[in-house]
Engineer: 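Below: one structure in structure tokens.
Proteins get letters first, then strands, A, B, ... in listed order; numbering begins at 1 in each.
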Amino acid sequence: MEDKKNPEEEKTARSLNFIEEIIQEDLRNTKNEGRVHTRFPPEPNGYLHIGHAKSICLNFGLGKKYNGKTNLRFDDTNPVKEDVEYVDSIMEDVKWLGFDWEDRLFYASDYFEQLYEYATILIRKGKAYVCDMTAEEISDTRGTPTRPGKESPFRNRALEENLELFSRMRAGEFPDGAKVLRAKIDMVSPNMHMRDPILYRILHTPHHRTGDKWCIYPMYDFAHGQSDSIERITHSICTLEFEVHRPLYDWFIREIGIYAPRQIEFARLNLSYTIMSKRKLLELVQEKRVNGWDDPRMPTICGLRRRGYTPESIRNFADTIGVAKRDNIIDVSLLEFCIREDLNKRANRVMAVLNPIKVILDNYPEGLVEEMETLNNPEDESAGKRKVPFSKEIFIERADFMENPPKKFFRLSPGGEVRLRSAYIIKCESVVKDPVTGEIAELHCTYDPLTKSGMSESTRKVKGTLHWVSVKHAIPAEVRLYDRLFVKDDPDATEEGKDYKDFLNPDSLKTITAFIEPSAVNALPGEKFQFERIGYFCVDKDSVKDHLIMNRTVTLKDSWAKSEKSW
RNA sequence: UGUCCUAUGGUGUAACUGGCAACACAACUGAUUCUGGAUCAGUAGAGUCUAGGUUCGACCCCUAGUAGGACAACCA
């Protein structure tokens, strides 16, 4: 069902975002011979989240829109944090989102030799030097944003000595941390990144791709811009925090004398009631606050996928939020709108009762079972029809009955009539309560045989329509009711003494046993449904033949619940 | 006592590059409906951070403020 056609692509001549304007201006000036080439450059040290999805849609979208290309490149310059597990998950997620890097899968580690060469060019030009200070000393002499730094005593080492030392670093003659290669720029620059930044550090750690070939690794700043240059990326799109790095990248490019991509920064996505920091997400996983990276409450791509989100809905979301430079927090309700909009058109309907109350139809023949025909999706004729068994005893939703209803209550109440979806109109005759708890145990109703769906009398109007499921045909299923992970719209906005974990929603997951109509018995993991009048659900990957597990993706809009709340 | 970036309804993004502020979500009416869903029609909500300036005219340009964000990892 993931592959149904979706008119999402026919974008109504929307105005250009600032990046598209820059690109079109470059195109007008025939910069880069009219080429547009972007890239998505993740570090394989965590799973991708919805914020990355924004960047992926942006980069690949631009590539497609301007008839250009988009590379996938792993910025894998820090072996101590990176792992193939992440490489694999990232490729899976990008593909799932619907993007294709074709034969352009790259790794910064592919360029280690070239980068080393670039470094020696700088050394030869007297623009880089080997520094023997400790990490602490370097940090102490860097100054602060408002105070200038001090020059390293090793700053004026002879060219030859620097060259020799650097090659001995590579040869593994020094332990971790003993030396670094630094650029010689300006220790009093108001831009901290220009204060003789570190280019290479010694790390006797095997790399997931280069094994133990290297024991020195380039810093991100020394690898990223040059990698873009090597790939002849025309527009290097990144998030705002790298704006301050741009002068440094430009300096490298200029001093080394290589092709200059144009870096453009945009504001990263923030979503209300969740967090987007990889570090914090990792923490939630490690501390078992959630059940792994793909826990359906996580804002990760795999979490959203397991939750029941479709790639189309996420792409449409990315398109709707736009791109700009100002900080933003998007309301989750927009994401929810996007998935409802998509699933409304494609999810087959099914009836399921989450919290049952038994209804006995006193005048319905004992033992009779009728097969009620109904539409799989009223929004899509091509989805076809199915049959739902109906019998004397059915379950309805506990919330659909009230003994003393307010005037606007359209559901069942003593003496009241209601339509059972795709079946009959029934009337509530009596209420049976548990003698000890006083809780409603069952309802006795009568049905009107002339009101069967499709029959002439069926046009009779009643205010409410309820979903139901035949007691003896119902399949019990484990249903996982997910809600937002945090109770605070901006969990990162920390008050003193608190952190984001203090705002975790204790009710973000409720597991119940629900009763589902039999047509869903053989549903496969990933299959999506609308439980009529309740919400969208999708079969979890843990689901097995005799134990169906369904995840709630999102509820249906519920204006009744809303008006109830205001009482 | 620094550098850089940003500032438009509740939220996000626009405004033909200087011509009477629009779209989406959210909210609220009403119609319709065998899903209190969907759909349809409609309502309300900002005069564009502030103060000056340029101009016939400023969300847009200039100046100065104010507010928010980023930058001080041998992380990316």
Engineer: Using a heavy-atom cut-off of 4.0 Å across all strands, would you classify A/Thr134 as base, sugar-phosphate, or nothing?
Structural biologist: base
Engineer: Side chain of A/Lys562 only, please: which of B/G2, B/G36, B/C28 is the nearest?
Structural biologist: B/C28
Engineer: So, OP1 or OP2 of B/C74: does either fall under 4.0 Å of a side-chain N or O from A/Arg142?
Structural biologist: yes
Engineer: Rounded to the Å, how far apart are A/Leu240 CG and B/C4 P?
Structural biologist: 15 Å
Engineer: Counting Watson-Crick and G-U wobble pairs whose two distances are both under 3.5 Å, find the runs of 3 or more in a row that involve RNA chain B.
Structural biologist: B:2-7 with B:66-71, B:10-13 with B:22-25, B:27-31 with B:39-43, B:49-53 with B:61-65
Engineer: Give one of base, sugar-phosphate or nothing for A/His467, where a contact means two heavy atoms less than 4.0 Å apart.
Structural biologist: nothing
Engineer: For B/A26 versus B/G12, give the span between their C1' atoms, rounded off to a whole number of Å.
Structural biologist: 11 Å
Engineer: Rounding to an integer number of angstrom, what distance separates B/G47 and B/G42 when you compare their C1' atoms?
Structural biologist: 23 Å
Engineer: With sequence neighbours excluded, what pairs up with A/Asp110 under the side chain to side chain donor-acceptor pair (under 3.5 Å) test?
Structural biologist: A/Arg209
Engineer: Counting any heavy atom closer than 4.0 Å, what does A/Glu241 reach on the DNA or RNA strands: base, sugar-phosphate only, or nothing?
Structural biologist: sugar-phosphate
Engineer: Taking atom P in both B/G10 and B/A27, what distance in whole Å separates the two?
Structural biologist: 16 Å
Engineer: Could you tell me which residues satisfy side-chain contact (heavy atoms from CB on, under 4.5 Å) with A/Ile329, sequence neighbours excluded, listed by chain and number?
Structural biologist: A/Asn270, A/Ser272, A/Asp490
Engineer: Measuring only between side-chain heavy atoms, which start at C-beta, is A/Arg484 closer than 4.5 Å to A/Leu271?
Structural biologist: no
Engineer: Taking side chain to side chain donor-acceptor pair (under 3.5 Å) as the definition, give me every residue that meets it alongside A/Asp75, ordered by chain and number, with sequence neighbours left out.
Structural biologist: A/Arg73, A/His224
Engineer: Given A/Tyr220 and A/Phe242, is the ring pair (Phe, Tyr, Trp, His ring centres under 6.0 Å) satisfied, shown in steps?
Structural biologist: CA-CA 11 Å; A/Tyr220 171 85; A/Phe242 294 103; 5.5 Å; yes
Engineer: Heavy atoms only, 4.0 Å cut-off, all strands: where does A/Thr144 land among base, sugar-phosphate and nothing?
Structural biologist: base
Engineer: If I pick the P atom on B/C56 and the same atom on B/A51, what distance separates them, to the nearest angstrom?
Structural biologist: 23 Å
Engineer: Scan residues 215-227 of chain A against RNA chain B and write down, sorted by residue number, each residue with any heavy atom closer than 4.0 Å; if none is found, say none.
Structural biologist: A/Met219, A/Tyr220
Engineer: Quick one: are A/Arg386 and A/Glu517 in side-chain contact, heavy atoms under 4.5 Å?
Structural biologist: yes
Engineer: Given side-chain contact (heavy atoms from CB on, under 4.5 Å), test A/Met351 with A/Phe529 step by step and report yes or no.
Structural biologist: CA-CA 9 Å; A/Met351 289 193 284; A/Phe529 295 97; over 6 Å; no
Engineer: What is the separation between atom CG on A/Asn78 and atom C1' on B/A76, rounded to the nearest whole Å?
Structural biologist: 8 Å
Engineer: Using the P atom as the point on both nucleotides, what is the distance between B/G19 and B/U66, in whole Å?
Structural biologist: 31 Å
Engineer: Could you tell me whether A/Met133 contacts a base, only the sugar-phosphate backbone, or nothing, with contacts defined as non-hydrogen atoms closer than 4.0 Å?
Structural biologist: base
Engineer: Apply ring pair (Phe, Tyr, Trp, His ring centres under 6.0 Å) to A/Phe515 and list each qualifying residue two or more places apart in sequence or on a separate chain.
Structural biologist: A/Phe395
Engineer: Touch check for A/Tyr536, heavy atoms < 4.0 angstrom, all strands: base, sugar-phosphate only, or nothing?
Structural biologist: nothing
Engineer: Which nucleotide in the list B/A73, B/U35, B/C4 gets nearest to the side chain of A/Gln530?
Structural biologist: B/U35
Engineer: Does any donor atom in the side chain of A/Gln263 or A/Asp228 lie under 3.5 Å from an acceptor atom in the other side chain?
Structural biologist: no
Engineer: What does the B/S/- profile of nucleotides 17-23 of chain B look like, 5' to 3', with a 4.0 Å heavy-atom cutoff to protein?
Structural biologist: B------
Engineer: Whole Å only: how far is the CG atom of A/Asn17 from the C1' atom of B/C16?
Structural biologist: 17 Å
Engineer: Please confirm whether any donor atom in the side chain of A/Glu379 sits under 3.5 Å from an acceptor in the base of B/G37, or the reverse.
Structural biologist: yes
Engineer: Does anything in residues 321-337 of chain A come within less than 4.0 Å of RNA chain B? Heavy atoms only, and list the residues if so.
Structural biologist: A/Ile321, A/Val323, A/Ala324, A/Lys325, A/Arg326, A/Asp327, A/Asn328, A/Ile329, A/Ile330, A/Asp331, A/Ser333, A/Leu334, A/Phe337
Engineer: Could you check which residues of residues 189-202 of chain A get a heavy atom under 4.0 Å from RNA chain B? Sort them by number, please.
Structural biologist: A/Pro190, A/Met192, A/His193, A/Ile198, A/Arg201
Engineer: Rounding to the closest angstrom, what is the interatomic distance between B/A24 and B/C40 at atom P?
Structural biologist: 11 Å
Engineer: Which is true for A/Pro148 with a 4.0 Å heavy-atom rule: it touches a base, it touches only sugar-phosphate, or it touches nothing?
Structural biologist: nothing
Engineer: Using side-chain heavy atoms (C-beta onward) and a distance below 4.5 Å, is A/Leu281 in contact with A/Pro299?
Structural biologist: yes
Engineer: Sticking with atom P, work out how far B/C60 lies from B/U48, rounded to a whole angstrom.
Structural biologist: 9 Å
Engineer: Tell me which of A/Phe18 and A/Thr320 sits closer to the 5' end of RNA chain B, going by the nucleotide each one is nearest to.
Structural biologist: A/Phe18
Engineer: What integer number of Å spans the P atoms of B/A7 and B/U50?
Structural biologist: 14 Å
Engineer: Which residues satisfy the side chain to side chain donor-acceptor pair (under 3.5 Å) test with A/Asp196, sequence neighbours excluded?
Structural biologist: A/Tyr129, A/Arg155
Engineer: Which part of the nucleic acid, if any, lies within reach of A/Glu43 when heavy atoms closer than 4.0 Å are counted: base, sugar-phosphate only, or nothing?
Structural biologist: sugar-phosphate
Engineer: May I ask you to verify if any side-chain N or O of A/Thr77 is less than 4.0 angstrom from the OP1 or OP2 atom of B/A76?
Structural biologist: yes
Engineer: Tell me which nucleotide among B/A14, B/C71, B/U35 gets nearest to the side chain of A/Val244.
Structural biologist: B/C71
Engineer: Under the side chain to side chain donor-acceptor pair (under 3.5 Å) test, which residues partner A/Tyr86, sequence neighbours left out?
Structural biologist: none
Engineer: With A/Glu241, which residues qualify under side-chain contact (heavy atoms from CB on, under 4.5 Å), at least two apart?
Structural biologist: A/Thr239, A/Arg268
